[in-house]
Structure formats: C-alpha cells, structure tokens
Amino acid sequence: MHPGAGYTYRSGDIISIDRSINSFPQFSPDGNAWTTSEVQARGGWDYCESTLHSVDSIRTGPVEGVNNAVRVCLRRSGALQCTNSWYVDIDG
C-alpha cells in the first residue's frame with residue numbers, strides 16, 4: 001500500500017503485519033494465497049508489527065516471515081481492516 005495507489009492516508013493511520021503461528025506451504029491447496037479462515041484453522045496468528053505515523057511515508061519494520069503466512073492491516077480511528085489474502089515467503 002502506498003499513497004499513490006488510489007488511497008489517501010491520514011495522520012494517525014497505522015499499518016501492521018500479522019504473521020501466522022505455524023509454518024505454511026507457499027500456496028493453499030487451491031493454488032492461491034491463504035485465506036484468514038485457513039490460517040485460523042491451522043493455528044491462527046500471534047504477531048503484529050505496527051510502525052508508522054506519517055502521511056508522507058508508511059513503512060513497517062522487518063517481519064521474520066519465512067515459511068509463515070503474513071498479511072497487511074490498516075487501523076484508522078480504532079477500526080481495523082485486514083486483507084483476506086495471506087502470503088508465504090519461502091526464500092529464507
């Protein structure tokens with residue numbers, strides 16, 4: 001996500017990364033990204049890295065996610081919105 005992608009960030013917005021508790025193959029059985037319900041069924045997630053507060057630059061710190069499913073979330077005015085697509089990096 002970046003400001004040029006048709007989305008306007010506001011001061012106070014928070015981007016976070018959720019990470020699955022357990023490791024995953026790169027793709028779900030149907031060959032797509034993992035869904036939230038699939039990640040929940042395989043143990044859920046317990047990691048959320050939140051870093052930012054600038055409308056000029058939105059970045060998170062590095063997240064150790066090799067073989068774990070990760071997704072991005074946006075918190076605005078206390079409301080949390082997360083993608084339903086979880087991606088797995090297997091390139092250690």
Side-chain angles (χ1 to χ4, degrees):
M1 286 194 244
H2 59 83
Y7 188 85
T8 303
Y9 295 104
R10 297 184 207 157
S11 179
D13 286 353
I14 299 170
I15 297 292
S16 63
I17 307 283
D18 289 344
R19 183 181 72 176
S20 66
I21 293 171
N22 297 308
S23 63
F24 280 74
Q26 187 172 17
F27 298 106
S28 69
D30 63 8
N32 294 314
W34 294 91
T35 65
T36 301
S37 59
E38 290 170 323
V39 172
Q40 184 65 44
R42 293 176 63 124
W45 58 95
D46 67 349
Y47 185 91
C48 191
E49 176 75 25
S50 296
T51 308
L52 84 107
H53 277 88
S54 169
V55 295
D56 296 325
S57 176
I58 296 180
R59 297 172 191 238
T60 62
V63 174
E64 178 54 51
V66 175
N67 296 318
N68 288 79
V70 295
R71 71 172 175 180
V72 68
C73 299
L74 169 71
R75 185 177 300 276
R76 174 175 282 171
S77 301
L80 183 65
Q81 299 175 14
C82 298
T83 64
N84 189 37
S85 296
W86 294 70
Y87 297 93
V88 179
D89 179 7
I90 59 169
D91 293 333

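Quick note: residue numbers are just sequence positions, from 1.
With sequence neighbours excluded, the residues satisfying side-chain contact (heavy atoms from CB on, under 4.5 Å) with Asn32 are Ser28, Asp30. In this structure Leu80 satisfies the side-chain contact (heavy atoms from CB on, under 4.5 Å) test together with Cys73, Arg75, Cys82, sequence neighbours excluded. Scored by the side-chain contact (heavy atoms from CB on, under 4.5 Å) test, Tyr87 finds Ala33, Ser85 as partners (sequence neighbours excluded). For the side-chain hydrogen bond (donor to acceptor under 3.5 Å, both in side chains) test, no residue two or more places apart in sequence or in another chain qualifies with Ser77. Under the salt bridge (Lys or Arg N to Asp or Glu O under 4.0 Å) criterion, Arg71 pairs with Asp18, sequence neighbours left out. Residues meeting the side-chain contact (heavy atoms from CB on, under 4.5 Å) test with Asn22, sequence neighbours left out: none.
For the residue pair Ile17 and Val72, the shortest heavy atom distance occurs at CD1-CG2, 4.3 Å. Nearest heavy atom pair, residue Ser20 against residue Val39, reads CB-CG1, 4.0 Å. Looking at every heavy atom in both residues, Ser23 comes nearest to Arg42 through O-NH2, 3.7 Å. Pairing each heavy atom of Asn68 with each of Ile21, the nearest pair is ND2-O, 3.7 Å.
In this structure, the side chain of Trp34 engages the main chain of Pro25 through a donor-acceptor pair within 3.5 Å.
The shortest side-chain heavy-atom distance between Trp45 and Val70 does not fall under the 4.5 Å cut-off. Residues Trp86 and Phe24 fail the side-chain proximity criterion, which asks for heavy atoms closer than 4.5 Å.
Separation of atoms CG (Asn67) and CD (Gln26) is listed at 9.5 Å; rounding is to 0.5 Å.
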